[in-house]
Amino acid sequence: MGTTRRLQIGILTSSRADYGIYLPLLRQLTKDGRHDISIVAFGTHLSKKHGYTIDEILKDGFEVPYRFETAPIEDTPEAIVTSMALTMQKFASFWREHATSFDVVFCLGDRYEMFAAVASTVPFNIRLAHLHGGETTLGAVDNAFRHSITQFCKIHFTATDLYAKRVIELLDDNSNIYNVGALGLDNFHLISFLSEDELKKQFNIEVNERIILCTFHPETIGHENNANHAHEIVESIRSLDDYRVVITMPNADTSGNVIRQIFQNAFQDSQQVKLVENLGTQGYLSAMKLCSMMLGNSSSGIIEAASLGKYVIDLGERQNGRAHGENVIHCEIRKDSILRAIKSIASRPELSGNNIYYQGGAASQIIERIESILC
């Protein structure tokens, strides 16, 4: 591409979710070898309770030179704020030492940990590139964090034209805003999907019967209802005679531990339900490919599932406001509504696999844009 300058690129990653999205970009940068990358891991990556997912990064062959333990011990609002304060404190020292070490630092999404890390860059005038800005999730406080992160960043890579327009509205500026599609969808062309036998061997998951893949995170607006929501999901699953269920455990949000405990109490020794802390990118997408449908409120159901032709029962309000395809069925978090939605899928037409978030080659587009701006 005629690049004349070797860039120093930082990658902020706070959880299994954003790492899986970053993966195509990390692999492309490593393959090209034109620039140096430094991964900065914090949040639940360093939490044994949440699967110590830094091991997944290392297993994929990437070095992690910078690591900070910042995950909240509890799931109360006070604990979340304390975690944010700790994140900012640790990053204050980090940026003091490394503010001039990076030409650009990537941040992704909308979580409170990412917000704290990004906010701490402002006094140091660090150039940030943001992925997945402009989106809306009305049932989560992440919505405010996402738009705040957008304000702090100089370069923006959005997942749709609609989101690019929203970023322009937020900033009242249209410079360095690029719609490249959803980066995580590049994974479908990069990973080798696990077979049924391989999933069973690695995670002890039986997928030779009809499987529902379930991920339910707390609704952080109205979080006092999360326990009731979890019980409704438990009772719905117990009423299913024809499906096995794989549940990936919730993230570290307000009331996340409440949901986690309810699922563990209900299904720890269940033959019908398998609880998994972390499947990793390859395992999760493989389970998605092999499942009959998805259930929950994860953004993966909105963004990735359409590419694999999977219907998604989107529970509650966490993802309200996000653009979605015809594969998404919105549903109240009530047993009768959930069972009715599951039953309805059998009569729905087979999905085409078209995805409003897919453009292809997002990682290459991002690198090309960064080089055109900085090199």
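Between the side chain of Arg5 and the backbone N or O of Leu374, at least one donor-acceptor pair lies under 3.5 Å. Side-chain atoms of Arg322 never come within 3.5 Å of backbone atoms of Glu135 as a donor-acceptor pair (strictly under, hydrogens ignored). In this structure, Asn179 contributes its side chain and Thr160 its backbone to a donor-acceptor pair below 3.5 Å. Distance alone, capped at 3.5 Å, places no donor-acceptor pair between the Glu169 side chain and the Gly134 backbone. Although no hydrogens or angles enter the test, the distance criterion places no donor-acceptor pair under 3.5 Å between the side chain of Ser83 and the main chain of Ala79. Using a distance-only test at 3.5 Å, with no hydrogens or angles considered, no donor-acceptor pair links the side chain of Asn297 to the main chain of Arg318. In terms of modelled atom types and a separation under 3.5 Å, the side chain of Lys310 and the main chain of Cys291 share a donor-acceptor contact. Remark: side-chain polar atoms of His130 are paired, donor with acceptor, to backbone N or O of Gly109 under 3.5 angstrom. A donor-acceptor pair under 3.5 Å is formed between the side chain of Asp75 and the backbone N or O of Gly256.
Under the rule for a ring pair (Phe, Tyr, Trp, His ring centres under 6.0 Å), Phe62 has no partner lying at least two apart in sequence or in another chain. Partners of Glu74 according to the salt bridge (Lys or Arg N to Asp or Glu O under 4.0 Å) rule, which considers only residues two or more places apart in sequence or in another chain, do not exist here. Legend: residues meeting salt bridge (Lys or Arg N to Asp or Glu O under 4.0 Å) with Lys200, ordered by chain and number and at least two apart, are Glu206. With sequence neighbours excluded, no residue satisfies ring pair (Phe, Tyr, Trp, His ring centres under 6.0 Å) with His50. For Asp55, the salt bridge (Lys or Arg N to Asp or Glu O under 4.0 Å) test picks out no residue, with sequence neighbours left out. The salt bridge (Lys or Arg N to Asp or Glu O under 4.0 Å) search around Asp173 returns none, not counting sequence neighbours.
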Please evaluate residues Glu56 and Lys59 with respect to the criterion salt bridge (Lys or Arg N to Asp or Glu O under 4.0 Å), reporting the C-alpha separation (whole Å), side-chain torsions for both, the decisive distance (0.1 Å), and the verdict. CA-CA 5 Å; Glu56 182 182 345; Lys59 182 181 176 182; over 6 Å; no
One pair to check against ring-ring contact (aromatic ring centres under 6.0 Å, His included): Tyr22 and Phe106. What are the steps and the verdict? CA-CA 9 Å; Tyr22 277 131; Phe106 277 89; 7.1 Å; no
Determine whether Asp110 and Ile149 satisfy the following criterion, side-chain contact (heavy atoms from CB on, under 4.5 Å), listing intermediate values before the conclusion. CA-CA 7 Å; Asp110 49 27; Ile149 291 171; 5.6 Å; no
Worked check of side-chain contact (heavy atoms from CB on, under 4.5 Å) between Leu171 and Ile177: CA-CA 10 Å; Leu171 299 176; Ile177 300 169; 4.3 Å; yes
Evaluate the side-chain contact (heavy atoms from CB on, under 4.5 Å) criterion for residues Met293 and Val312: first the C-alpha distance (whole Å), next the side-chain angles of each, then the deciding distance (0.1 Å), finally the verdict. CA-CA 6 Å; Met293 69 187 75; Val312 178; over 6 Å; no
Step by step, work out the side-chain contact (heavy atoms from CB on, under 4.5 Å) result for Gln151 and Leu170. CA-CA 7 Å; Gln151 295 287 345; Leu170 286 166; 4.0 Å; yes
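Using cut-offs of 30° and 60° on the angle between ring planes, the pair His98 and Phe102 is tilted. Ring orientation note: the planes of Phe152 and Phe115 are tilted relative to one another, at an angle of 30° to 60°. Ring-plane geometry between His189 and Tyr358 is classed as tilted, the angle between the planes lying from 30 to 60 degrees on a 0 to 90 degree scale.
Hydrophobic cluster membership is shared by Leu315 and Ile262, with clusters built from Ile, Leu, Val, Met, Phe, Trp and Tyr side chains linked at under 4.5 angstrom. Clustering ILVMFWY residues whenever any of their side-chain heavy atoms sit less than 4.5 angstrom apart, transitively, puts Tyr284 in the very cluster that holds Phe188. Residues Met288 and Met249 fall into different hydrophobic clusters, defined by Ile, Leu, Val, Met, Phe, Trp and Tyr side chains chained together at heavy-atom separations under 4.5 Å. Leu194 and Leu290 fall within the same hydrophobic cluster, defined by Ile, Leu, Val, Met, Phe, Trp and Tyr side-chain heavy atoms under 4.5 Å apart, directly or through other members. Note on Val81 and Met88: separate hydrophobic clusters, where clusters join Ile, Leu, Val, Met, Phe, Trp and Tyr whose side-chain heavy atoms are under 4.5 Å apart, directly or indirectly.
The pair Glu235-Arg238 counts as a salt bridge, with a side-chain nitrogen and a carboxylate oxygen less than 4.0 angstrom apart. Of the charged side-chain nitrogens involved, at least one lies within less than 4.0 Å of a carboxylate oxygen, so that Arg6 and Asp36 count as a salt-bridged pair. Look at Lys48 and Glu277 and you find no salt bridge, because none of the NZ, NE, NH1 or NH2 atoms lies under 4.0 Å from a carboxylate O.
Of the N and O atoms on the side chains of Thr215 and Thr248, at least one donor lies less than 3.5 Å from an acceptor on the other residue.
Atom CZ of Arg27 has more than 12 heavy atoms from other residues, nucleotides or ligands within 6.0 Å. More than 12 heavy-atom neighbours from other residues, nucleotides or ligands sit within 6.0 angstrom of CG on Asn265. Other residues, nucleotides and ligands contribute at most 12 non-hydrogen atoms within 6.0 Å of the CD atom of Glu326. Dense packing is recorded around CG of Leu162, with more than 12 heavy atoms of other residues, nucleotides or ligands lying under 6.0 Å away.
Taking the six-membered ring for Trp and the full ring otherwise, Phe91 and Phe42 have centroids separated by under 6.0 Å.
Screening Ile155, Leu29, Val180 for a side chain to side chain contact (heavy atoms under 4.5 Å, CB included) involving Ile366 leaves a single residue, Val180. Each of Asp142, Thr150, Asn143 was scored for a side-chain hydrogen bond (donor to acceptor under 3.5 Å, both in side chains) with Arg146, with one residue passing: Asn143.
Using a 4.5 Å cut-off on side-chain heavy atoms (C-beta onward), Cys375 and His35 make contact.
At least one cation-pi condition fails for Lys90 and Phe68: the charged atom is not both under 6.0 angstrom from the six-membered ring centre and inside a 45 degree cone around its axis.
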